[in-house]
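A, B, ... follow the sequence lines: proteins, then strands. Residue 1 opens every chain. We use all heavy atoms of the structure for the numbers below, so side chains are in, but hydrogens, waters and symmetry mates are not.
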Amino acid sequence: MTTSASALPNALKGGPNRIATMFADRKGKKVLALFLTGGFPHLGSAVEIVPRLAAAGADLVEIGIPFSDPMADGPVIQKSSMVALANGITLPLLLDQIRVIRRSSQVPIVLMGYINPILRYGPERFFDDAADAGVDGVILPELPLEEAARFREQIVRSGLAQILLVTPTTPPERIAAIDAASSGFLYCVATTGVTGVGGKSAAHDYVANVRAKARKNPLLVGFGISSPDDARRAASQSDGVIVGSALIKRFLEGETMEEVVAWVRSLKDAIG
Amino acid sequence: MKTHIAHEPYAYPDARGYFGKYGGQFVPETLIPALRALEGMYKEAQQDATFGAEFTSLLEEFAGRPTPLTFAERLTSLYGKGKIYLKREDLCHTGAHKINNTIGQILLAKRSGKKRIIAETGAGQHGVATATVAAKMGLTCLVYMGEEDMKRQQLNVRRMEMLGASVIPVTSGSRTLKDATSEAIRDWVTNVEDTFYIIGSVVGPHPYPLMVRDFQSVIGREVRGQIREREEKDPEYLVACVGGGSNAIGLFSPFLDSSAKMIGVEAAGLGLETTKHAATLTKGTPGVLHGSFSYLLQDENGQVELAHSISAGLDYPGVGPEHSALKDAGRVTYVSVTDQEALAAARQLARQEGIIPALESAHALAYLNVLMPSTNADDVVVVNLSGRGDKDMETYGATGEGGRQG
């Protein structure tokens, strides 16, 4: 699948990155980003679910790369990762699924995950193959600013956005540096803790303080957002929200696709 | 005759926490300010004579250092070759070398003003050593321990509880040290503002591999003095078991500028030809787990494989980054012995020397079967007896090693 064309920047292959286009098209309206673990609930679920989520109002979809030892995740994403690995998901399979999704949907897709499966795949080849499959960006939460720097050139050369995270413990001057190094958007982690509920909420002026320091990127808020009310509050201070564990929990509890779609619509309505 | 390679002055880790290409800080952004603060505090403490004096005083008056270096006379005549000495970390307070590190880290915790201590534990020795120093300093202590290990090491669970610590069973994944470590990191990410994480080995993100090495290197410094006094030279061989690798680094690092040959012994479990082993450096490939880049047992998709060892303290699919660098540099040789070889070595030491070793340390002892025939009569071999075997009596009993036969 790696052809000589994948060595070219994305801009030369098919125009600007879908993430940038999406933010431009939304024209200041709030953005809904959803996170789904790849290979969950069934091995090939992403192919069906991602376009449905996009149709229900998701402006961007993050697909999680499952890892055996998800040390930054709460119980819900841990569970979905174990299910996905038991289903047999691998990075090559996930990229194949994204190629299939791209035949019918142009929703921006971001891969999010732990670094080890990518190191094993071969980072340089992986970023090229991901861009070639139709991925628009990567979020690698185990790579803080300093460790992220060594992958920056490869990621950007592949035409992918490298989305970095700020958290309630990040000092102000570091927020500015992280924003400057981030592309696509800036992921604003809303709690001190792992993914899902149970983290400690940041101070009420946290997002405003991030906004004051981060002038380059749109700001999406994630972690602990589990209801339309949570989404409305978080979106009011930012450019949009990211919902992950709450979505996955619905699949774990056996909700049908129709029920999930209805709930996604309620999130979208809440952020306006 | 082999010539010794002149060793560059050893200055690892670098400012970013790398031992060559290994190490680093692969953790969520939430923890970076805390790691920076810890690094700064540790640098300050190293310059502070009060910190050094307090550390030394606790090592001497609380932990019982210096520990003896015992000449293993009957074991030496059994092999009939070089002289075998045992560094008696089993005689440390709490029964293993782990307390050297927890004393150092609890003093840093005190400086940080944080009142809540967390730790991960495998065999329970690090958990007990952490619970001990937390009790001494009057700090709250939570220890994460895999449910499987709690079964294997019940005595240590009871000790931690008597010392006032809460032992939290970890039921995710393989329910052993790997998962206990993930759970401790999750706690730390959530409670980083008021919690100090005492890591038990030379693993995790920078500056932990550096700090733990420095605190444990008291072992090797004592050995160097003790052996020079007795033999008027440095030892020819140093042998230690390697799980995460803290007792081995503690013994080896003061000798890196010497010509001593160093051997790290990993757990081969049921055998290297099976999938049931914990021989990370022997069979693994480099990857990222629990905050650093180091050798790792992983499959072709980069998923971490389950380790296996009869010894809970060695049952870990990762290893400290400095060991990875020492392996690649060829400075330390890493080998492995099986569960059965370790059990036999434990019985042999009990009968020959009147010392019941921890199962972890028994791995280092088992390698003597391979090493000793190649030694000369004037060679000196030091084995780090990193812990005592009381906690393993059920395993020794169940496998017939506690019986009267033999």
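Looking at A/Leu85, the atoms closer than 4.5 Å to chain B (heavy atoms on both sides) all sit in the side chain, from C-beta outward. Residue contact with chain A, scored on non-hydrogen atoms closer than 4.5 Å, involves the backbone of B/Asp299 exclusively. A/Leu140 does not touch chain B: none of its heavy atoms, backbone or side chain, sits under 4.5 Å away. Both the backbone and the side chain of A/Phe67 come within less than 4.5 Å of a heavy atom in chain B. For A/Pro66, the part lying near chain B is the backbone, with the side chain staying farther off; criterion is any non-hydrogen pair under 4.5 Å. Heavy atoms of B/Thr181 lying under 4.5 Å from chain A are absent altogether. Neither the backbone nor the side chain of A/Leu91 has a heavy atom closer than 4.5 Å to any heavy atom of chain B. For B/Glu193, the part lying near chain A is the side chain, with the backbone staying farther off; criterion is any non-hydrogen pair under 4.5 Å.
In terms of modelled atom types and a separation under 3.5 Å, the side chain of B/Arg186 and the main chain of A/Asp73 share a donor-acceptor contact. At least one donor-acceptor pair closer than 3.5 Å links the side chain of B/Gln303 to the backbone N or O of A/Ser68. The main-chain N or O of B/Gln25 is found under 3.5 Å from a side-chain atom of A/Glu147 such that the two form a donor-acceptor pair.
A/Thr170 and B/Glu29 form a side-chain donor-acceptor contact under 3.5 Å, judged by distance and modelled atom types alone.
A 6.0 Å sphere centred on CD of B/Gln46 holds more than 12 heavy atoms belonging to other residues, nucleotides or ligands. Within 6.0 Å of atom NZ in A/Lys216, more than 12 heavy atoms from other residues, nucleotides or ligands are found, so the atom counts as buried in its surroundings. Annotation: B/Lys327, atom NZ; neighbour count of heavy atoms from other residues, nucleotides and ligands within 6.0 Å is above 12.
Under the 4.5 Å side-chain criterion, counting only non-hydrogen atoms from C-beta, A/Leu143 is in contact with B/Phe26. Looking at heavy atoms from C-beta onward, B/Leu289 lies in side-chain contact with A/Asp69 at the 4.5 angstrom threshold. Using a 4.5 Å cut-off on side-chain heavy atoms (C-beta onward), B/Val27 and A/Glu142 make no contact. Residues B/Phe293 and A/Leu119 form a side-chain contact, since some pair of their non-hydrogen atoms from C-beta on lies under 4.5 Å apart.
Applying a 4.5 Å heavy-atom cutoff, none of the residues of residues 200-210 of chain B approach chain A. For a heavy-atom cut-off of 4.5 Å, chain B lies close to A/Gly198, A/Gly199, A/Lys200 in residues 196-211 of chain A.
The shortest heavy-atom contact between B/Asn301 and A/Arg120 is C-CG, 3.9 Å. Nearest heavy-atom pair, A/Gly193 versus B/Val189, reported as atom, atom and distance to 0.1 Å: O-CG1, 3.3 Å. Taking every heavy atom of both residues into account, B/Pro28 and A/Met71 meet most closely at CD-CE, 4.1 Å. In terms of heavy-atom proximity, A/Asn116 sits nearest to B/Gly287 at OD1-CA, 3.1 Å.
One finds the CG atom of A/Leu165 at 11.5 Å from the CD1 atom of B/Ile32 (value rounded to the nearest 0.5 Å).
Comparing B/Ala184, B/Gly24, B/Ala34, B/Ser182 by heavy-atom pairs within less than 4.5 Å of chain A, the highest count is held by B/Ser182.
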Legend entry - Candidate pair A/Thr169 and B/Val192, rule side-chain contact (heavy atoms from CB on, under 4.5 Å), full reasoning: CA-CA 9 Å; A/Thr169 62; B/Val192 63; 4.0 Å; yes
